[in-house]
Protein chains: 2
Amino acid sequence: MLTIGKLGAQAGVKVPTIRYYEQIGLLPEAGRSAGNQRLYGRKALERLAFIRHARDLGFTLEAIRDLLSLSDNPEQPCVAADAIARAQLAEVERRLARLTALKAELERMVVQCAGGKIADCRVIEVLGDHSLCSTDHRHPESEAGP
Amino acid sequence: MLTIGKLGAQAGVKVPTIRYYEQIGLLPEAGRSAGNQRLYGRKALERLAFIRHARDLGFTLEAIRDLLSLSDNPEQPCVAADAIARAQLAEVERRLARLTALKAELERMVVQCAGGKIADCRVIEVLGDHSLCSTDHRHPESEAGP
DNA sequence: CCTTGAAGCTATAGTTGCTAGAGACATTAG
DNA sequence: CTAATGTCTCTAGCAACTATAGCTTCAAGG
Ligand SMILES: [Zn+2]
Ligand SMILES: [Zn+2]
Ligand SMILES: [Zn+2]
Ligand SMILES: [Zn+2]
């Protein structure tokens with residue numbers, strides 16, 4: 001049996017994060033010691049490692065919630081899980097495309113600036129006028145996340 | 001003179017967002033009409049477009065605050081502005097590297113799954129065990145953003 | 001002139017995924 | 001036995017908005 005600190009160390013998750021996951025129902029309520037401290041077994045460690053890994057791959061907690069409940073039904077077909085993964089892949093590809101455009105614009109900005117006064121700074125100038133950009137990088141939709 | 005709605009439409013920013021920017025001091029307090037409604041001129045539109053464009057390029061509001069106060073001093077040298085842009089470029093490059101790794105792992109997952117039961121699903125399996133991954137994609141640090 | 005509907009106002013709370021702090025109890029090493 | 005660490009609950013905060021409620025103001029049509 002592991003205390004919350006040991007569990008966190010094993011899974012690479014901070015202690016408050018574990019309590020947070022329990023609070024939002026991603027982890028089941030842990031059993032308690034005589035002194036009211038949480039105790040975890042191997043199953044909890046596996047579940048937490050699953051969550052951590054999925055987070056590292058950029059899945060939202062909502063997606064992970066679904067993935068976990070799917071993985072609790074091993075006899076069901078896996079199409080739903082695969083669909084979640086494919087949606088995540090699509091999301092990553094969208095972000096990648098956007099970031100690639102951003103990188104191009106930022107590089108252009110910093111390269112073009114000759115480094116004089118603010119009044120002549122290409123960075124400031126481009127920021128004030130999107131028509132100076134070479135691509136249409138504008139926020140098409142979603143955001144955030146790893 | 002523009003009402004807040006017209007201003008938002010011109011700059012591509014939602015009305016509550018404009019009020020939010022004013023609240024956190026990114027936009028100066030707007031003048032008011034006789035009936036207490038905000039009124040904006042060309043300068044406010046330019047400033048808002050600047051903010052919007054910088055946001056579209058992934059700058060944080062804190063960075064934008066600094067960029068705006070720099071652009072208010074046109075005689076100063078532009079090194080500080082360029083440094084902010086280069087930092088943003090570096091950040092974008094870091095995210096790009098991470099997302100590229102994530103994309104590779106997600107592709108592997110969905111390609112390898114044969115589509116049977118959850119018990120045999122490669123997606124679920126890989127999520128539970130990072131050692132099945134081909135790269136070390138783990139969250140090295142920062143996150144979030146465009 | 002008056003009514004109606006859209007647009008504006010303030011203030012508050014919710015979103016996502018945590019993280020930090022306060023103040024009290026539990027456990028463990030020396 | 002004491003001191004240091006670990007854990008407990010609860011609350012509040014981060015970014016950057018978004019949404020809601022309940023009001024007032026404005027512009028256009030009849
Ligand atoms: Zn410059
Ligand atoms: Zn642009
Ligand atoms: Zn599958
Ligand atoms: Zn992995």
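Chain naming here is simple, since letters A, B, ... match the order of the sequence lines and numbering starts at 1 in each.
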Would you say B:R52's side chain and B:G12's backbone share a donor-acceptor pair under 3.5 angstrom? yes

Is the backbone of A:V111 close enough, under 3.5 Å, to the side chain of A:R122 for a donor and an acceptor to pair up by distance? no

For A:R42, is the CZ atom crowded, meaning more than 12 foreign heavy atoms sit under 6.0 Å from it? no

Taken to the nearest whole Å, CG/A:L61 to P/C:dT19 is 11 Å

Kindly indicate whether the side chain of A:I4, heavy atoms from C-beta on, has any atom under 4.5 Å from the side chain of A:Q37. no

Whole-Å gap separating P (D:dC26) and CG (B:L2): 16 Å

Nucleotide N/O of nucleotides 1-3 of chain D paired with protein N/O under 3.5 Å:
none

Student check: side-chain heavy atoms of A:R65 and A:I24 closer than 4.5 Å: yes

Hey, can you pull the residues of residues 29-42 of chain A with a non-hydrogen atom under 4.0 angstrom from DNA chain D? A:R32, A:N36, A:Q37, A:R38

Donor-acceptor check, side chain of A:E93 to backbone of B:K103, threshold 3.5 angstrom: yes or no? no

Could you check how far CD1 of B:I4 sits from C1' of C:dT10, rounded to whole Å? 12 Å

Is B:K43 salt-bridged to B:E46, going by a charged N under 4.0 Å from an acidic O? no

Taking the side chain as everything from C-beta on, heavy atoms only, tell me whether B:Q112 gets closer than 4.5 Å to B:E125. no

Charged N-O contact under 4.0 Å between B:R19 and B:E22: no

Give, ordered by number, those residues of residues 8-28 of chain A having at least one heavy-atom distance below 4.0 Å to an atom of DNA chain D; if nothing qualifies, reply none. A:R19

With a 4.0 Å cutoff (strictly under), does any side-chain N or O of B:T3 reach OP1 or OP2 of C:dG8? yes

Distance (rounded to the nearest 0.5 Å) between B:I118 CD1 and A:D72 CG: 9.5 Å

Would you compute the distance between atom CG of A:L132 and atom CE of A:M109 and round it to the nearest 0.5 angstrom? 10.5 Å

Protein-nucleotide distance (A:L48, atom CG; C:dC18, atom C1'), rounded to Å: 14 Å

